[in-house]
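These notes are about the structure you will find just below.
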Amino acid sequence: MVYSRCIDGKWERPVVTEDFNIPLNSFAGVFHYAPACFEGLKAFRGADGRIRLFRPDMNSKRMADSAAYLDMPSPSEEMFIDMCITCVKENLDYLPPYEASSASLYLRPALFGINPQLGIHSASDVMFVVMCSPVGTYSGAKSLCPGTAVLSRNYDRASAHGSGCYKLGANYAQSLHAYNIAHKAGYRELLFLDSATKTTIEEFGSSNFFGIKHGCYVTPNSPSVLPSITNKSLRKIAEEFGLKVERRTIFIDELETFEEVNSCGTAVVITPISRIDDKITLESGTITREYKYADECGPVSRKLYNRMVNIQKGIEDDPYGWCMFVNDPK
């Protein structure tokens, strides 16, 4: 992994190490008040032999936004990208071959407060770490394997004026209990609703929501939703294919009108959802309203997925300049 510390407002020279144990003061703010944010991006071996990072500049900008919300220092875009590239180069033996079509090297940049503190205040000193791991599909299942989801009526991921649009570790801790309940009930995903009215779609526990209907790519436009880089990229590809793109409020009842429903994010790109259950508690008991979709990836979503992955792998052209090259072809 690669790490650097910012002490008294000054960043130290990045260090490369094989030791994944980080010595921290037990009073470090990250252990007490959660001043921590993170990112996720991937490196790919391309068909042309070149290694690509997919839109690292967007990850850098999002981390800077998260850090600004926490009022703590963050690395510059140049530093963020340079440390990601260094991490890839130091781990080339673990970068899956091009032939492993669903495999890549997942990068996890993390930023957290390290200065000792007992008072409740923002971290003044931080550590920025970039680590990585070879990965296949997120679930270990066949790519684009449909899953089931359940609407969360009893738990919130984020409040209307909270931190939902930032990639903070605390946001994921907030969803863990509800996620565990959903998984124990046999659901692969948990779909959160808005915290104020419980009538509109926000996002899945691990990724953004989007649906396809009548030639439209529809995704929520909510200040509580994480601005997914994958979702943003898919919207551009959807326009390329002539789809109308709508970012707007999506009410629960609209779920029955979608032809295809998916979750999308860095880890999965697109995972189709075959069924969403809405469990409604009444005085007489609990009733379940089911929204059913195809048991396989829909044709429009499959087309979007293929275009996205082919850009990442260098199989098709990248007219948007999304890929950053780590090496020259041999």
Could you go step by step and tell me if V309 and K313 meet the side chain to side chain contact (heavy atoms under 4.5 Å, CB included) rule? CA-CA 6 Å; V309 171; K313 289 279 190 176; 4.2 Å; yes
For L243 and V300: C-alpha separation, side-chain torsions, deciding distance, then whether side chain to side chain contact (heavy atoms under 4.5 Å, CB included) applies. CA-CA 9 Å; L243 295 174; V300 176; 3.7 Å; yes
Between T257 (side chain only) and E254 (backbone N and O only), is there a donor and an acceptor less than 3.5 Å apart? yes
Step-by-step side chain to side chain contact (heavy atoms under 4.5 Å, CB included) determination, V2 to V15: CA-CA 5 Å; V2 189; V15 175; over 6 Å; no
For L70 and A36, the nearest pair of non-hydrogen atoms, with its separation, is CD1-N, 3.7 Å
Any donor and acceptor pair, going by atom type alone, linking the side chain of K42 with main-chain N or O of A267 inside 3.5 Å? yes
Under 3.5 Å side-chain donor-acceptor pair for N59 and R55: no
Closest approach of S4 to P14 (non-hydrogen atoms, all atoms of both residues): CB-CA, 4.1 Å
I'd like to know whether the aromatic ring centres of H183 and Y179 sit less than 6.0 Å apart in this structure. yes
salt_bridge(K167, E39) N-O dist < 4.0 Å: no
Assess the side chains of S206 and E189: does a donor N or O sit below 3.5 Å from an acceptor N or O? yes
Between D57 and S60, do the side chains contain a donor N or O and an acceptor N or O under 3.5 Å apart? no
Non-hydrogen atoms of P134 and Y94 that approach each other most closely: CB-O, 3.3 Å
The reported gap from CE in M63 to CD in E77 (rounded to nearest 0.5 angstrom) is 13.0 Å
Would you mind reporting whether L234 and M308 have side-chain heavy atoms less than 4.5 Å apart? yes
Any side-chain to backbone donor/acceptor pair from Q174 onto A158? Under 3.5 Å, distance only. no
What closest approach, in Å, do C264 and S228 show between heavy atoms, and which atom pair accounts for it? O-OG, 4.2 Å
Any donor-acceptor N/O pair, S224 side chain to S159 backbone, under 3.5 Å: yes
With a 4.5 Å heavy-atom cut-off, do F241 and R307 have their side chains touching? yes
State whether a side-chain donor-acceptor pair under 3.5 Å links E260 with Y217. no
Working to the nearest 0.5 angstrom, can you tell me the gap between I85 CD1 and L107 CG? 10.0 Å
Quick one: side chains of residues 111-120, donor-acceptor pairs under 3.5 Å with protein atoms, not counting sequence neighbours, listed by atom name and distance.
unit_1: N115; atom_1: OD1; unit_2: S124; atom_2: N; d: 3.0
unit_1: N115; atom_1: OD1; unit_2: D125; atom_2: N; d: 3.1
unit_1: N115; atom_1: ND2; unit_2: Q117; atom_2: OE1; d: 3.3
unit_1: Q117; atom_1: NE2; unit_2: G119; atom_2: O; d: 3.2
unit_1: Q117; atom_1: NE2; unit_2: H121; atom_2: O; d: 2.9

Measure from NZ or CZ of R52 to the centre of the six-membered ring of F44, then state whether that distance is under 6.0 Å and the direction lies within 45° of the axis. no
Please check: side-chain N/O of D194 versus main-chain N/O of T200, any donor-acceptor pairing under 3.5 Å? yes
Verify the distance criterion only: is there a donor paired with an acceptor across the side chains of R108 and Y106 at less than 3.5 Å? yes
Within the structure provided, determine whether F54 and W322 are in side-chain contact (heavy-atom separation under 4.5 Å). yes
Between R5 and E12, is there a side-chain N and carboxylate O pair less than 4.0 Å apart? yes
Is the distance between the ring centroids of F258 and Y291 under 6.0 Å? no
Tell me whether the count of non-hydrogen atoms from other residues, nucleotides or ligands lying under 6.0 Å of NZ in K89 goes above 12. no
Following the transitive rule for hydrophobic clusters with a side-chain heavy-atom cut-off under 4.5 Å over Ile, Leu, Val, Met, Phe, Trp and Tyr, establish whether L92 and M131 coincide in one cluster. no
Basic-acidic side-chain contact under 4.0 Å: D156, K198: yes
CD-CG distance between Q312 and L53, expressed to the nearest 0.5 angstrom: 11.0 Å
Are M83 and L95 joined in one hydrophobic group, where the rule is that I, L, V, M, F, W and Y side chains link up if heavy atoms are under 4.5 Å apart? yes
With heavy-atom distances below 4.5 Å as the criterion, would you say the side chains of C37 and Y166 are in contact? no
Any heavy-atom pair between the side chains of C87 and C132 that's under 4.5 Å? yes
At what distance, to the nearest 0.5 angstrom, does CD1 of I273 lie from OG1 of T271? 6.5 Å
F20 with V135, same ILVMFWY side-chain cluster at under 4.5 Å: no
CZ/F27: more than 12 non-hydrogen atoms of other groups inside 6.0 Å: no
Tell me if the NZ atom of K244 is crowded by more than 12 foreign heavy atoms within 6.0 Å. no
Between E202 and R157, is there a side-chain N and carboxylate O pair less than 4.0 Å apart? no
ILVMFWY network linking V326 to Y98, side-chain heavy atoms under 4.5 angstrom: no
Could you check whether any side-chain N or O of E203 sits under 3.5 Å from a backbone N or O of L226, counting only pairs where one atom can act as donor and the other as acceptor? yes
More than 12 heavy atoms from other groups under 6.0 Å of OH on Y172: yes
Ignoring hydrogens, what is the shortest heavy-atom contact between N21 and D19? Give both atom names and the distance. N-OD1, 2.9 Å
Could you tell me whether the side chain of R62 and the main chain of F38 form a donor-acceptor pair under 3.5 Å? no
Could you tell me whether the side chain of F80 reaches within less than 4.5 Å of the side chain of S74, counting heavy atoms only? no
State whether the side chain of T230 and the backbone N or O of T266 hold a donor-acceptor pair below 3.5 Å, judged by distance alone. yes
Find the distance between CD1 (I276) and CG (L190) and round it off to the nearest 0.5 Å. 11.0 Å
T219 and N231: side-chain donor and acceptor closer than 3.5 Å? yes
Indicate if V150 and F192 have the same hydrophobic cluster label, given that clusters are the connected sets of ILVMFWY residues with side-chain heavy-atom separations under 4.5 angstrom. yes
I'd like to know if the side chain of D48 and the backbone of R50 have a donor-acceptor N/O pair within less than 3.5 Å. yes
Close side-chain approach of L151 and I280, heavy atoms under 4.5 Å: no
Between Y155 and H177, what is the ring plane arrangement, given parallel below 30°, perpendicular above 60°, and tilted in between? perpendicular
Hydrogens and angles aside, do D277 and T288 bring a side-chain donor and acceptor to less than 3.5 Å of each other? no
What is the distance from atom CG of N171 to atom CG of L168, rounded to the nearest 0.5 Å? 4.5 Å
Shortest non-hydrogen contact from N262 toward P272: OD1-CA, 3.3 Å
For the backbone of I229 and the side chain of S233, can you confirm whether one donor and one acceptor N or O come within less than 3.5 Å of each other? yes
So F204 and V268, do their side chains get closer than 4.5 Å, heavy atoms only? no
Side-chain ion pair, R289 and E256, N-O less than 4.0 Å: yes
Apply the test side chain to side chain contact (heavy atoms under 4.5 Å, CB included) to residues F210 and E246: give CA-CA distance (whole Å), side-chain angles for both, the deciding distance (0.1 Å), then the verdict. CA-CA 10 Å; F210 81 89; E246 297 181 350; over 6 Å; no
